[in-house]
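A note on names: the letters A, B, ... follow the listed sequences, proteins ahead of strands, and every chain is numbered from 1.
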Protein chains: 2
Amino acid sequence: MMNLTLKQLRYFEALIHHKHFGHAADASGISQPALSMQIKEMEESLGVPLFERAARQVRLTRFGEDLAPRVRDILRSVGEVEDMARLAQHTMSGRLRIGVIPTIAPYLLPSFIGHLKQEHPTLDVHIRETLTPRLITELAEGKIDTAIVALPVSEPAFEEVTIFEEDFVLVRPESDAMRPVPSAADLQLMKLLLLEEGHCFRDQALSFCNIRSALPRDGLDGSSLTTLVQLVAAGLGVTLIPQMAMSVETHSAAVSVAQFPEPRPKRKIGMIWRKTSPLTDQFHQLARIVEIAANGMH
Amino acid sequence: MMNLTLKQLRYFEALIHHKHFGHAADASGISQPALSMQIKEMEESLGVPLFERAARQVRLTRFGEDLAPRVRDILRSVGEVEDMARLAQHTMSGRLRIGVIPTIAPYLLPSFIGHLKQEHPTLDVHIRETLTPRLITELAEGKIDTAIVALPVSEPAFEEVTIFEEDFVLVRPESDAMRPVPSAADLQLMKLLLLEEGHCFRDQALSFCNIRSALPRDGLDGSSLTTLVQLVAAGLGVTLIPQMAMSVETHSAAVSVAQFPEPRPKRKIGMIWRKTSPLTDQFHQLARIVEIAANGMH
DNA sequence: TAGGTTTGATAAGCAGATCTTATGATGAAC
DNA sequence: GTTCATCATAAGATCTGCTTATCAAACCTA
């Protein structure tokens with residue numbers, strides 16, 4: 001027996017304002033008896049009278065007066081909650097946690113985040129950069145909202161959308177610039193420098209060359225594309241990098257870059273998120289922004 | 001469309017806490033479908049999903065997370081309002097504005113307020129000291145909550161309760177101490193000093209002597225009982241004062257005090273308040289405290 | 001003082017909200 | 001593949017809250 005409702009609080013406030021049951025009821029869009037009853041019920045559930053009904057005047061009791069500012073406060077807070085909802089309906093806002101793999105992050109993010117901030121200034125973007133398996137775990141656990149990775153991921157719990165495809169290019173020492181571009185088979189015989197175990201890009205490169213990842217490849221792994229390119233410049237071998245990384249990584253290094261002939265090696269970049277996430281619409285919108293950012297890079 | 005209810009907010013909080021529809025429903029004392037529906041309705045009325053329902057886990061969306069502290073805040077405020085009501089039900093609290101006539105106030109109030117503060121420490125007491133007609137006006141207008149006056153007041157809009165009766169005593173110069181106490185008829189022939197026009201005590205004294213107030217009585221009116229007693233001490237006449245005033249007013253004055261024989265003049269002191277006031281119970285309680293305070297004075 | 005007016009309370013009936021139980025659907029676990 | 005867990009949906013019962021109609025009290029006017 002103490003069941004206040006927001007409706008009662010609203011009627012209470014209206015009656016305080018109008019000091020007249022009929023007028024307050026009109027203002028609240030209900031009939032006078034309905035308002036009378038709700039006020040009465042409110043008084044009964046509180047166990048304390050709120051108004052003193054005298055002839056031709058409705059006066060707040062002392063207790064009612066004490067209550068008034070608190071009730072106003074509550075109604076204001078509720079209004080703010082509703083405002084928040086209205087805002088959240090239309091704009092993308094709040095925190096958004098995006099995972100990105102290391103072979104994409106440094107090249108795509110600067111442009112992507114620029115576009116994103118421009119279109120959704122209220123968005124609070126968090127970036128998590130790590131390898132695909134960990135991103136998958138964190139996504140499943142709700143630690144991130146979405147991830148930008150190489151597809152396919154093939155997790156039944158996730159939705160996948162492709163954003164763009166991207167070729168791999170060959171990076172050789174500058175001295176090799178005039179040589180013919182080796183075939184995949186040729187590559188197996190060359191000193192191919194790759195990222196260390198765990199990077200999906202490593203596996204994609206190996207698969208292009210039909211090399212089994214399990215084979216011992218001592219001394220040929222680097223921890224970042226930057227390292228690999230520097231090793232190539234030092235003449236230790238050749239490597240593949242995604243096209244997106246080309247301009248950043250090879251700009252100031254003594255290496256030459258070559259396209260492969262068809263069928264070129266490539267990877268598919270896309271976004272993934274939990275199928276259960278209610279943000280599907282926003283993620284599609286986000287994918288568009290990634291695409292625009294990526295296109296703007298060539 | 002946008003009709004939140006407190007019930008929904010409570011269910012929302014329960015679901016946040018339990019992260020499980022069934023358990024949250026149990027905790028809320030309703031069935032699981034009822035809770036599911038209310039949460040769904042809340043999401044629809046806000047237009048934004050609050051929870052992400054995945055297999056075996058219920059996870060707050062970003063928006064739900066933003067909402068949670070505000071909802072908690074609202075529910076806490078509502079709880080406080082209910083607490084206030086519970087408190088107000090039992091104890092007398094809040095502001096209480098009491099009117100008192102000048103021939104009572106200085107003698108009764110110190111003791112009365114002492115008792116009152118002791119029994120109801122949270123009570124915020126305001127005292128208004130003025131003549132009866134003004135108290136009546138202010139009471140009718142709601143500027144004070146109750147008044148302690150001489151009865152009867154006979155206002156149909158007011159409730160009256162008698163608290164105690166009080167004799168009037170005769171104050172004469174010290175030199176008259178051994179003389180016989182004059183009768184009411186004798187008093188008419190003596191120089192009777194009285195309060196100025198407007199004090200009910202003046203009229204009560206006059207009525208005892210069968211003197212018509214309208215008669216010219218130049219130079220014989222004072223504005224307070226203190227003044228009157230001092231005038232008596234100076235040999236300018238005699239006066240009547242209420243017994244309650246005796247010890248305070250005659251303690252250090254060169255006057256003698258005498259009781260009248262039966263039928264003694266007296267007045268009836270009581271409390272009045274608007275019949276419409278919801279504080280009737282409290283006023284009766286208050287009257288008891290006044291009575292105790294008055295008894296403690298002899 | 002009598003009759004009309006204002007205003008809040010009460011009554012009866014209806015509509016919609018909210019709950020319950022029963023059942024369905026989906027994904028996880030064995 | 002079967003069973004279990006869990007949330008959604010459906011159908012029906014009950015309660016709540018609203019409406020209109022009416023009453024009662026008190027004020028106002030004449």
Side-chain angles (χ1 to χ4, degrees), chain A residues 1-12 14-16 18-45 49-61 64 140-142 155-159 274-278, chain B residues 1-12 14-16 18-45 49-61 64 140-142 155-159 274-278:
Chain A
M1 201 52 193
M2 177 69 87
N3 207 351
L4 284 186
T5 67
L6 286 178
K7 219 180 294 192
Q8 287 169 351
L9 299 189
R10 295 207 173 91
Y11 295 165
F12 173 64
L15 185 52
I16 290 177
H18 289 96
K19 297 187 198 313
H20 187 289
F21 281 74
H23 300 164
D26 278 352
S28 305
I30 57 170
S31 66
Q32 170 264 312
L35 187 125
S36 285
M37 288 190 307
Q38 287 299 321
I39 294 291
K40 188 178 155 198
E41 193 142 324
M42 183 174 168
E43 290 177 318
E44 274 170 11
S45 84
L50 298 169
F51 294 95
E52 185 181 328
R53 289 97 158 141
R56 266 157 228 286
Q57 54 180 337
V58 175
R59 185 184 299 124
L60 261 184
T61 61
E141 289 171 350
E155 284 283 329
F158 295 166
E159 185 107 0
R274 293 182 298 279
K275 276 182 179 158
T276 55
S277 171
Chain B
M1 203 48 189
M2 179 67 88
N3 206 351
L4 283 185
T5 67
L6 286 179
K7 217 180 294 194
Q8 287 169 351
L9 300 190
R10 295 207 174 91
Y11 295 166
F12 173 63
L15 185 52
I16 290 177
H18 290 95
K19 300 188 195 311
H20 186 288
F21 281 74
H23 300 162
D26 278 352
S28 304
I30 57 170
S31 66
Q32 169 265 313
L35 187 125
S36 285
M37 287 191 306
Q38 286 300 322
I39 293 292
K40 188 178 156 199
E41 192 141 325
M42 184 174 167
E43 290 178 315
E44 273 169 12
S45 84
L50 298 169
F51 294 94
E52 185 181 328
R53 288 96 159 144
R56 264 159 228 286
Q57 58 180 336
V58 175
R59 184 184 298 126
L60 262 184
T61 62
E141 289 172 349
E155 285 282 331
F158 294 167
E159 184 108 1
R274 294 183 299 280
K275 277 181 178 157
T276 55
S277 171

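Closest approach of B/T61 and B/E52 over heavy atoms only: CG2-N, 4.1 Å.
Taking 4.0 angstrom as the limit, A/K40 places a side-chain polar atom (N or O) nearer than this to OP1 or OP2 of C/dT10. Distances shown here put every side-chain N or O of A/S31 at or beyond 4.0 Å from the OP1 or OP2 atom of D/dC18. OP1 and OP2 of D/dG17 both lie 4.0 Å or more from every side-chain N or O belonging to A/Q8. Between B/R53 and D/dT6 there is no side-chain polar atom (N or O) within less than 4.0 angstrom of OP1 or OP2.
Nearest to the side chain of A/K7, among C/dG8, C/dT20, D/dC18, sits D/dC18. Checking C/dG8, D/dA8, D/dC18 against the side-chain heavy atoms of A/M37 singles out D/dC18 as nearest. In the set D/dC18, D/dC7, D/dT20, D/dC18 carries the atom at the smallest distance from any side-chain atom of A/A34. Among the nucleotides C/dG8, C/dC19, D/dT20, the one closest to the side chain of A/Q32 is C/dG8. Each of C/dG8, D/dC18, D/dA21 was ranked by its minimum atom distance to the side chain of A/P33; first place goes to D/dA21. Side-chain proximity of B/S36 to the nucleotides D/dC7, C/dT18, C/dA9 is greatest for D/dC7.
In this structure, B/N3 places its CG atom 12 Å from P of D/dG17, rounding to the nearest Å. Regarding B/E43, its CD atom lies at a distance of 12 Å from the C1' atom of D/dA8, rounded to whole Å. At whole-Å resolution of the value, CG in A/L35 and P in D/dC18 are 9 Å apart. A/K275 places its NZ atom 16 Å from the C1' atom of C/dA25, with the value rounded to the nearest Å. Between the CZ atom of A/R274 and the C1' atom of C/dT26 there is a distance of 18 Å, rounded to whole Å. Spacing between atom CG of A/L6 and atom C1' of C/dA17 amounts to 16 Å, rounded to whole angstrom units.
For the atom pair A/M37 CE and A/F21 CZ, the distance stands at 12.0 Å (nearest 0.5 Å).
In this structure, A/A157 has no side chain to side chain contact (heavy atoms under 4.5 Å, CB included) partners at least two apart in sequence or on a different chain.
Screening residues 19-29 of chain A for side chain to side chain donor-acceptor pair (under 3.5 Å), with sequence neighbours left out, gives no hits.
Side-chain contact between B/N3 and B/E41: absent, with no pair of heavy atoms (C-beta onward) separated by less than 4.5 Å. Between B/F158 and B/R274, some side-chain heavy-atom pair lies under the 4.5 Å cut-off.
Heavy-atom distances under 4.0 Å link DNA chain C to A/H20, A/F21, A/G22 of residues 18-27 of chain A, given in residue order.
Counting non-hydrogen atoms under 4.0 angstrom, A/E41 reaches the backbone sugars and phosphates but no base. B/Y11 comes within 4.0 angstrom of the backbone, heavy atoms only, and of no base.
Between the B/Q38 side chain and the B/T5 main chain, no donor and acceptor come within less than 3.5 Å of each other.
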